[in-house]
Amino acid sequence: MMKKLENFAIQDFQNDLINWYRNEKRDLPWRKNQDPYKIWVSEVMLQQTRVDTVIPYFNEFTTKFPTIQALANADEEEVLKAWEGLGYYSRVRNLHSAVKEVNECYGGIVPNDPNEISKLKGVGPYTKGAILSIAYNIPEPAVDGNVMRVMSRILSIWDDIAKVKTRNLFEEIIREIISQEYPSDFNQALMELGAIICTPTSPSCLLCPVREHCAAFHEGVQTELPVKSKKKKPVPLQMAAAVLYDENGQLYIHKRPPTGLLANLWEFPNCELKQELNKTHTEQLALFLKEEYDIEAALQPLIGTIQHIFSHRIWNLSIYFGEIKSMESEKLVQVDEETIKQYAFPVSHQKIYKMYKGEI
DNA sequence: AAGGCGTGGAC
DNA sequence: TGTCCAAGCCT
């Protein structure tokens with residue numbers, strides 16, 4: 001028994017927590033059954049993403065790809081399109097790759113072994129524990145931000161939860177206190193409590209089923225926990241993007257490289273703008289189109305601007321339209337208005353397209 | 001170990 | 001309005 005858990009009434013805590021969960025849990029689409037594949041999809045979608053955002057994506061994704069086999073046999077283009085707008089797109093490329101591996105190496109059955117499931121792309125310590133406990137009822141910790149917030153308050157733990165070492169500490173703690181009989185309900189109850197009651201700001205302690213077990217509540221410091229170091233501010237970038245069309249109204253788009261930001265998504269040709277070049281934005285964009293794509297285009301004056309904020313950078317996009325006069329390279333793909341609907345674009349470039357269509 | 005990696009919501 | 005996020009993983 002670790003020191004943090006001396007005098008902690010594990011059995012009572014489990015009972016209070018699980019009983020509350022069974023009465024109060026939300027009716028969510030991924031709680032209709034224990035299909036390991038669908039639990040897996042939901043867990044990947046829920047990484048750093050709100051429940052309300054995920055629900056419609058989960059329903060559409062699991063309708064379009066209802067089984068391991070269906071997803072394994074799908075084209076990446078179609079899979080990315082189903083993820084369009086959800087963000088963190090490497091999640092779905094890793095999921096697709098891992099599902100193919102399960103289909104080929106595990107007979108289409110999601111492995112229930114901690115070592116095997118950990119080897120799958122995109123399955124980290126949290127997702128491993130979530131799948132094993134929720135789909136297979138195996139008593140493995142599933143430590144996410146909710147669990148760290150709840151348990152840091154319950155046990156008055158002041159370690160910085162942004163550190164890897166701290167997450168490992170919480171895993172050790174959960175291994176000690178997880179219900180061996182009902183690990184699925186236990187893990188989900190901790191997360192549900194964090195989502196509904198033990199929220200980051202203004203937690204509803206008077207409604208909390210485990211407040212009698214909560215050290216932070218007794219000490220009145222619940223709003224000071226958890227301790228979490230701050231992230232850096234995003235770096236602003238000036239950019240220009242061009243919607244290029246020919247005399248037939250065909251559009252010319254670019255597929256981003258297979259690694260890095262927005263990997264494998266489509267975009268309108270664009271470049272970063274530099275102040276020190278002493279050229280106008282239009283001149284810089286025209287030069288970029290010439291050098292990168294060997295394109296001559298008749299660019300119109302500035303149409304408008306779009307700002308898009310990422311976790312780590314800010315795109316300030318100046319938008320131009322222009323008719324292509326000549327193009328030598330084949331780095332751009334010609335699409336019509338029907339074809340373009342099949343391709344996944346980042347939200348910033350969806351806005352550019354809407355601007356072109358006059359919808360914004 | 002710490003930064004890259006999206007997006008839309010809440011305050 | 002700006003700030004901080006929300007069921008993390010990868011390198």
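It should be emphasised that the depicted structure is a prediction, and the values quoted were computed from it without experimental measurement. Labels below follow one simple rule: chain letters A, B, ... track the order of the sequence lines, proteins then strands, and each chain is numbered from 1.
The aromatic rings of Phe61(A) and Trp83(A) lie perpendicular to each other, with more than 60° between the two planes, well past the 30° mark. Between Tyr343(A) and Trp266(A), the two ring planes are parallel [angle under 30°; tilted spans 30° to 60°].
In this entry the distance linking CG of Leu46(A) with P of dG6(B) reads 18 Å, nearest Å. The nearest whole Å value for the distance from the CZ atom in Arg91(A) to the P atom in dA6(C) is 15 Å. When rounded to the nearest whole Å, the span between CG of Asn187(A) and P of dG8(C) equals 14 Å. Summarising the geometry, the separation between NE2 on His96(A) and P on dC9(C) is reported as 20 Å, rounded to the nearest angstrom. Note: CE (Met45(A)) to P (dT7(B)) measures 15 Å, nearest angstrom. Nucleotide dG8(B) holds its P atom 16 Å from the CD atom of Gln48(A), rounded to whole Å. The distance from atom CD1 of Ile117(A) to atom P of dC9(C) is 11 Å, rounded to the nearest whole Å. The interatomic distance linking Glu84(A) (CD) with dG6(B) (P) rounds to 14 Å, in whole Å.
A sub-4.0 Å separation between OP1 or OP2 of dC5(B) and a side-chain N or O of His312(A) is present. In terms of phosphate contacts, Tyr89(A) brings a side-chain nitrogen or oxygen within less than 4.0 Å of OP1 or OP2 of dT7(B). In this model, the phosphate group of dG3(B) is approached by a side-chain N or O of Lys232(A) to a distance below 4.0 Å at OP1 or OP2. Using a 4.0 Å cut-off, some side-chain N or O of Arg313(A) falls inside it from OP1 or OP2 of dC5(B). Contact annotation: Thr127(A) side-chain N/O to dC9(C) OP1/OP2 distance is under 4.0 Å.
Comparing dC5(B), dG9(B), dC10(C) by their nearest atom to the side chain of Leu261(A) picks out dC5(B). In the set dC5(B), dT7(B), dA6(C), the nucleotide with an atom closest to the side chain of His308(A) is dT7(B). In the set dC5(B), dT7(B), dC5(C), dC5(C) carries the atom at the smallest distance from any side-chain atom of Lys228(A). Here dC9(C) is the nucleotide among dC9(C), dG6(B), dA6(C) with the atom lying nearest to any side-chain atom of Gln47(A).
Only the P atoms considered, dC5(B) is 23 Å distant from dA6(C), to the nearest whole Å. Rounded to a whole angstrom, the distance from the P atom of dG6(B) to that of dT3(C) is 22 Å. Comparing the P positions of dG3(B) and dC4(C) gives a spacing of 15 Å, expressed to the nearest Å.
Within 4.0 Å (heavy atoms only), Thr53(A) reaches no atom of the nucleic acid at all. When heavy atoms are screened at a 4.0 angstrom cut-off, Val51(A) is found touching base atoms of the nucleic acid. Using a 4.0 Å heavy-atom criterion, one finds that Ser42(A) contacts no nucleic acid atom at all. Residue contacts shown for Gly194(A) are absent, as no nucleic acid heavy atom lies under 4.0 Å away. Within the nucleic acid shown, Trp30(A) comes within 4.0 Å of at least one base atom, counting heavy atoms only. Arg167(A) comes within 4.0 angstrom of nothing in the nucleic acid, heavy atoms only. Counting non-hydrogen atoms under 4.0 angstrom, Leu262(A) reaches the backbone sugars and phosphates but no base. Arg31(A) comes within 4.0 angstrom of a nucleotide base, judged by non-hydrogen atoms across all strands. Across all strands shown, Leu28(A) has heavy atoms under 4.0 Å from base atoms, whether or not it also approaches the sugar-phosphate.
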(message) Evaluate Glu323(A) against Tyr245(A) for side-chain hydrogen bond (donor to acceptor under 3.5 Å, both in side chains), listing each step before the verdict.
(response) CA-CA 5 Å; Glu323(A) 181 168 345; Tyr245(A) 50 87; 5.1 Å; no
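Here the two rings, on Tyr21(A) and Phe186(A), have centers that are 6.0 Å apart or farther. Ring centroid separation for the pair Tyr252(A) and Phe268(A) does not come in under the 6.0 Å cut-off.
Between the side chain of Thr49(A) and the base of dG6(B), a donor-acceptor pair under 3.5 Å is found.
A side-chain donor from one of Gln307(A) and Asn316(A) sits under 3.5 Å from a side-chain acceptor of the other.
Here the closest heavy-atom approach between residue Val335(A) and residue Thr339(A) is recorded as CG1-CG2, 4.0 Å.
Of the two residues near DNA chain C, Leu120(A) and Lys233(A), the one whose nearest nucleotide lies more 5' is Lys233(A). The residue among Lys163(A) and Asp52(A) whose nearest nucleotide of DNA chain B lies closer to the 5′ end is Lys163(A). Along DNA chain B, the nucleotide nearest Ser348(A) and the nucleotide nearest Thr201(A) are compared for position; the residue whose nucleotide lies closer to the 5' end is Ser348(A).
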